[in-house]
**Q** 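Submitted below is the structure of interest, expressed as structure tokens.
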Amino acid sequence: MLTILFDGIAYGMLLFILAVGLAVTMGLMNFINLAHGAFAMAGGYVTVLLMQHFGVPFLVCLPLAFIVSALLGAVLERTLYRPLYNKPHLDQVLFSIGLVFMAVASVDYFAGSTQQIVHLPEWLKGRTELGSGAWMLGMGHYRLFIIAVCAALTVGLQYVLTRTRFGSRLRASVDDQRVAAGLGINVNIVFLSTFAIGSGLAGLGGALGAEVLGLDPSFPLKFMIYFLIVVAVGGTTSITGPLLAALLLGIADVAGKYYIPKLGAFIVYSLMIVILIWRPQGLFVRKAGK
């Protein structure tokens, strides 16, 4: 039971890093970017290609995956996304869905449709077991690494959004763009930086999750619903909500597949329905001006 809980927490933390950028663009920037998973796929393929063809160490590939995905997000935000900020949400959905299919087709053409394999360093392989019997805790070294990295990123994100000048400028830009611009805040730069960071986090999550979740051209489509569940259940205006939603989703998914494998994702969707009936706006919602 403890091992299942541990694996569920690791899975949930990974989903949080993958989905937090989508929570930012939907909640703070009011833009529905369903192509968010494409940036995660880009980070995963950057890691695989650098390791397989250039022999770059895994730990070096992680920041490179973040940087490449962030740069890609910044370029697309400046050229394609920005003109759609004031468009209806249906236009944003159709546009981003089109980008997803273009990304899937492009990766399938250039990299092939086979599942990609990430060769982890030896020190990230293996497992440590504590206790015995029903209370035995089996901790995979790589999952422990994922929890540590994602926890550090969560603390850093929370600090940036609540304790820094950039965070205050972002909240001001979200609450009222005209007033923020009148106070001297460059709203376009703030949104560009935010979108790039969200895309970079998705790429980092894709790099971390390539070994756990698998990596192939259909990655953005397979996990799009999970990203949306995290954002819908957790709310889109804070970090705390998506984090708690991702942990609940991860634990429920792992436990459901272990104890009731025939039901598959039924447990996850049931949990989502119950939470949204209880709190339709999400678990945590930040009020304007705070």
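What you see is a predicted model; the values in this text were computed from it and never measured. Numbers here simply count residues along the sequence, with the first being 1.
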**Q** Tell me whether Tyr159 at atom OH has more than 12 heavy atoms from other residues, nucleotides or ligands lying less than 6.0 Å away.
**A**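 Atom OH in Tyr159 is not packed in, count stays at 12 or less.
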
**Q** Between Asp253 and Tyr226, is any pair of side-chain heavy atoms under 4.5 Å apart?
**A**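 When only atoms from C-beta onward are counted, Tyr226 and Asp253 do touch, with a gap below 4.5 Å.
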
**Q** So do the side chains of Phe16 and Leu247 get within less than 4.5 Å of each other, counting heavy atoms only?
**A**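 No, too far: nothing below the 4.5 Å cut-off.
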
**Q** Enter the distance from Phe66:CZ to Leu62:CG here, rounded to the nearest 0.5 Å.
**A**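 So the CZ of Phe66 and the CG of Leu62 are separated by 12.0 Å.
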
**Q** Do Val118 and Gln116 have side chains that approach each other closer than 4.5 Å (heavy atoms only, starting at C-beta)?
**A**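 Val118 vs Gln116: side chains apart.
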
**Q** Under the ring-ring contact (aromatic ring centres under 6.0 Å, His included) rule, what do Phe191 and Phe195 come out as? Steps first, then yes or no, please.
**A** CA-CA 6 Å; Phe191 280 0; Phe195 194 92; 10.0 Å; no

**Q** How about Arg82 and Glu77: do any of their side-chain heavy atoms sit closer than 4.5 Å?
**A**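 Yes, their side chains come closer than 4.5 Å.
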
**Q** Do you know the tightest heavy-atom contact between Ala23 and Val231?
**A**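 What the structure gives for the nearest pair is N-CG2, 3.8 Å.
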
**Q** From Ile9 CD1 over to Leu14 CG, what is the distance, rounded to the nearest 0.5 angstrom?
**A**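 Atom-to-atom, Ile9:CD1 and Leu14:CG are 13.5 Å apart.
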
**Q** Using the side-chain contact (heavy atoms from CB on, under 4.5 Å) rule, take Thr3 and Arg127 through it: C-alpha gap first, then chi angles, then the decisive distance, then the call.
**A** CA-CA 11 Å; Thr3 300; Arg127 190 181 187 86; 2.9 Å; yes

**Q** Kindly give the heavy-atom pair with the smallest separation between Ala245 and Val233, and that separation in Å.
**A**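 Residues Ala245 and Val233, closest heavy atoms: CB-CG1, 3.8 Å.
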
**Q** Does the side chain of Ile260 reach to within under 4.5 Å of the side chain of Phe266, using non-hydrogen atoms?
**A**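 Side-chain contact under 4.5 Å: no.
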
**Q** Search all heavy atoms of Gly256 against all heavy atoms of Ile267 and return the closest pair with its distance.
**A**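 Here Gly256 and Ile267 meet closest at CA-CG1, 4.2 Å.
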
**Q** Side-chain contact, heavy-atom cut-off 4.5 Å: Thr47 with Leu215?
**A**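 No, every pair of side-chain atoms sits at 4.5 Å or beyond.
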
**Q** Roughly how far, to the nearest 0.5 Å, is CG of Leu208 from CG of Leu201?
**A**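 Those atoms lie 10.5 Å apart.
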
**Q** Taking the inter-plane angle between the rings of Phe145 and Tyr142 on a 0 to 90° scale, is it parallel (under 30°), tilted (30 to 60°) or perpendicular (over 60°)?
**A**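 Ring orientation of Phe145 relative to Tyr142: parallel.
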
**Q** Looking only at atom types and distance, does a side-chain atom of Gln52 sit under 3.5 Å from a main-chain N or O of Ile117, one as donor and one as acceptor?
**A**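 Present.
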
**Q** Hey, is the main chain of Val48 close enough, under 3.5 Å, to the side chain of His119 for a donor-acceptor pair?
**A**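 Here the side-chain-to-backbone pair does not exist.
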
**Q** Please check: side-chain N/O of Ser96 versus main-chain N/O of Asn33, any donor-acceptor pairing under 3.5 Å?
**A**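 Between the backbone of Asn33 and the side chain of Ser96 there is no qualifying donor-acceptor contact (under 3.5 Å).
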
**Q** Run the numbers on Met139 and Asp7 for side-chain contact (heavy atoms from CB on, under 4.5 Å), then give the verdict.
**A** CA-CA 8 Å; Met139 297 183 297; Asp7 289 345; over 6 Å; no

**Q** Over all heavy atoms of both residues, which pair between Gly73 and Ser199 is shortest? Give the atoms and the distance, please.
**A**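 For Gly73 versus Ser199, the nearest heavy atoms are CA-OG, 3.6 Å.
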
**Q** Taking only residues at least two apart or on different chains, which pairs with a member in residues 23-51 satisfy salt bridge (Lys or Arg N to Asp or Glu O under 4.0 Å)?
**A**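 For residues 23-51: none.
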
**Q** With sequence neighbours excluded, what pairs up with Tyr269 under the side-chain contact (heavy atoms from CB on, under 4.5 Å) test?
**A**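 Counting only residues at least two positions away or on another chain, Tyr269 forms a side-chain contact (heavy atoms from CB on, under 4.5 Å) with Ile225, Ile229, Ala265, Met272.
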
**Q** Spell out, as yes or no, whether a donor-acceptor pair under 3.5 Å connects the side chain of Ser218 to the backbone of Leu221.
**A**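 Not confirmed, Ser218 side chain does not pair with Leu221 backbone.
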
**Q** In this structure, are over 12 heavy atoms from other groups packed under 6.0 Å from Trp123 atom CH2?
**A**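 Enclosed: over 12 neighbouring heavy atoms sit under 6.0 Å from CH2 of Trp123.
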
**Q** Counting only heavy atoms from other residues, nucleotides and ligands, does the tally under 6.0 Å from NZ of Lys87 exceed 12?
**A**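 No, not enclosed.
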
**Q** Quick one, Phe219 with Val104, criterion side-chain contact (heavy atoms from CB on, under 4.5 Å). Give me CA distance, side-chain angles, the key distance, then yes/no.
**A** CA-CA 8 Å; Phe219 182 92; Val104 169; over 6 Å; no

**Q** Within the 4.5 Å heavy-atom criterion, are Leu249 and Leu271 side-chain neighbours or not?
**A**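 Heavy-atom side-chain distance check fails, nothing below 4.5 Å.
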
**Q** Which heavy atom of Ala196 sits nearest a heavy atom of Ala74, and at what distance?
**A**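 The answer is CB-CB, 4.0 Å.
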
**Q** So, does Thr25 use its side chain to make a donor-acceptor pair with the main chain of Leu22 at under 3.5 Å?
**A**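 Looks like yes, one N/O pair under 3.5 Å.
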
**Q** Answer yes or no: is there a side-chain heavy-atom contact under 4.5 Å between Lys222 and Leu213?
**A**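 The answer is no; the side chains never approach within 4.5 Å.
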
**Q** Suppose clustering is done on Ile, Leu, Val, Met, Phe, Trp and Tyr with side-chain heavy atoms closer than 4.5 Å. Which residues sit in the same group as Phe54?
**A**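 Members besides Phe54, by chain and number: Val46, Leu50, Val56, Val60, Leu64, Val68.
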
**Q** Test side-chain contact (heavy atoms from CB on, under 4.5 Å) on Phe39 and Leu18; report intermediate values, then the result.
**A** CA-CA 9 Å; Phe39 296 102; Leu18 283 165; over 6 Å; no

**Q** Working to the nearest 0.5 angstrom, can you tell me the gap between Leu15 CG and Leu248 CG?
**A**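 One finds 11.5 Å between CG of Leu15 and CG of Leu248.
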
**Q** Taking the inter-plane angle between the rings of Tyr85 and Phe31 on a 0 to 90° scale, is it parallel (under 30°), tilted (30 to 60°) or perpendicular (over 60°)?
**A**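 If you compare the ring of Tyr85 with that of Phe31, the planes turn out perpendicular.
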
**Q** On a heavy-atom basis, which atom in Met41 and which in Val107 lie closest, and how many Å separate them?
**A**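 Here Met41 and Val107 meet closest at CE-CG2, 3.5 Å.
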
**Q** Group every Ile, Leu, Val, Met, Phe, Trp and Tyr by side-chain heavy-atom contacts under 4.5 Å, then state whether Val268 and Val274 land in the same group.
**A**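 Looking at the clustering, Val274 is in a separate group from Val268.
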
**Q** Say you draw a straight line from OG1 of Thr240 to CG of Leu161; how long is it, rounded to the nearest 0.5 Å?
**A**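 Spacing of OG1 (Thr240) from CG (Leu161) equals 10.0 Å.
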
**Q** Assess whether atom CZ of Arg78 is packed by more than 12 heavy atoms of other residues, nucleotides or ligands within 6.0 Å.
**A**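 No, the 6.0 Å shell around CZ holds no more than 12 heavy atoms from other groups.
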
**Q** Does Phe101 share a hydrophobic cluster with Phe227, counting links as ILVMFWY side-chain heavy atoms below 4.5 Å and allowing steps through other members?
**A**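 Yes, one cluster joins them.
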
**Q** To the nearest 0.5 angstrom, please state how far the SG atom of Cys150 sits from the CG atom of Leu243.
**A**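 Cys150 atom SG to Leu243 atom CG measures 10.0 Å (nearest 0.5 Å).
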
